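Since the model is a prediction, treat every value here as computed from it, not as a measurement. In what follows, every heavy atom counts, from backbone to side chain, and hydrogens, waters and symmetry copies are set aside.
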Amino acid sequence: VQLQASGGGLVQAGDSLRLSCVASGRTFSNYAMGWFRRAPGKEREFVAYIYTGGGSRYYADSVKGRFTISRGNARDTVYLQMNSVKPEDTAVYYCAARANNLVMSAVRRPELYDYWGQGTQVTVSS
């Protein structure tokens with residue numbers, strides 16, 4: 001089972017960026033997916049989460065209204081559309097998968113996810 005994240009890069013504040021995470025090794029249509037990030041010198045933090053069916057989504061307050069998590073039509077891909085990026089969004093972004101849905105209060109807990117991608121660097125210049 002592998003998660004491959006891509007799409008990171010160097011952008012300017014206010015720009016947009018779309019991260020992708022492709023799952024392989026099994027069918028991920030029944031997996032809930034999340035995005036986390038780790039900024040230099042900081043703990044890993046929750047960014048966004050999408051239910052297995054793609055209906056319910058949750059976001060960290062810091063990205064709400066700017067970022068959108070979605071699933072691809074093939075259901076084995078999850079995206080993170082990042083709009084109006086800020087320098088404080090600079091981090092390594094990781095996608096994660098879990099075999100079952102989590103209740104809203106638990107989606108921020110990285111230890112509850114089963115699989116992780118390798119991370120993709122996003123750098124936002126001011």
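- With sequence neighbours excluded, the residues satisfying side-chain hydrogen bond (donor to acceptor under 3.5 Å, both in side chains) with Gln121 are Thr123.
- Heavy-atom minimum distance, Cys21 versus Met33: SG-CE, 4.2 Å.
- Under the rule for a side-chain hydrogen bond (donor to acceptor under 3.5 Å, both in side chains), Tyr49 has no partner lying at least two apart in sequence or in another chain.
- Tyr115 is connected to Ile50 through a chain of hydrophobic side-chain contacts under 4.5 Å among Ile, Leu, Val, Met, Phe, Trp and Tyr, so both are in one cluster.
- At a threshold of 4.5 Å between side-chain heavy atoms, the hydrophobic network of Ile, Leu, Val, Met, Phe, Trp and Tyr places Leu19 and Val22 in two separate groups.
- In this structure, the side chain of Arg71 engages the main chain of Tyr51 through a donor-acceptor pair within 3.5 Å.
- Side-chain contact annotation: Asn101 with Thr52, donor-acceptor N/O pair under 3.5 Å present.
- Judged as a side-chain hydrogen bond (donor to acceptor under 3.5 Å, both in side chains), and not counting sequence neighbours, Gln4 has no contacts.
- Both Tyr94 and Leu102 belong to a common hydrophobic cluster when Ile, Leu, Val, Met, Phe, Trp and Tyr are linked at side-chain heavy-atom distances under 4.5 angstrom.
- Other residues, nucleotides and ligands contribute more than 12 heavy atoms inside 6.0 Å of the CD atom of Gln118.
- Rounding to the nearest 0.5 Å places CD of Glu45 at 10.5 Å from CZ of Arg38.
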Side chains of residues 6-16: which donor-acceptor partners sit under 3.5 Å, not counting sequence neighbours?
residue: Asp15; atom: OD2; partner: Gln12; partner atom: N; Å: 3.1
residue: Ser16; atom: OG; partner: Asn83; partner atom: OD1; Å: 2.9

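- Checked for salt-bridge contact, Lys86 and Asp89 miss the test: no charged N lies under 4.0 Å from a carboxylate O.
- In terms of heavy atoms, Tyr93 sits closest to Ala91 at CD1-O, 3.4 Å.
- Residues Val47 and Tyr59 share a single hydrophobic cluster, defined by chaining ILVMFWY side chains whose heavy atoms lie under 4.5 Å apart.
- Tyr79 and Phe46 fall into different hydrophobic clusters, defined by Ile, Leu, Val, Met, Phe, Trp and Tyr side-chain heavy atoms under 4.5 Å apart, directly or through other members.
- Contact check for Ser62 versus Arg37: side-chain heavy atoms found under the 4.5 Å cut-off.
- Among residues two or more places apart in sequence or in another chain, the side-chain hydrogen bond (donor to acceptor under 3.5 Å, both in side chains) test is passed with Glu111 by Arg109.
- Arg98 and Tyr113 form no side-chain donor-acceptor contact under 3.5 Å, judged by distance and modelled atom types alone.
- Heavy atoms only, all atoms of each residue included: Arg66 and Ser84 are closest at NH1-O, 2.9 Å.
- Every residue two or more places apart in sequence or in another chain was checked for a salt bridge (charged side-chain N to carboxylate O under 4.0 Å, His left out) with Lys42, and none qualifies.
- Taking every heavy atom of both residues into account, Leu80 and Trp35 meet most closely at CB-NE1, 3.6 Å.
- The cationic group of Arg44 lies under 6.0 Å from the six-membered ring centre of Trp116 and within 45° of the ring axis, placing it in a cation-pi geometry.
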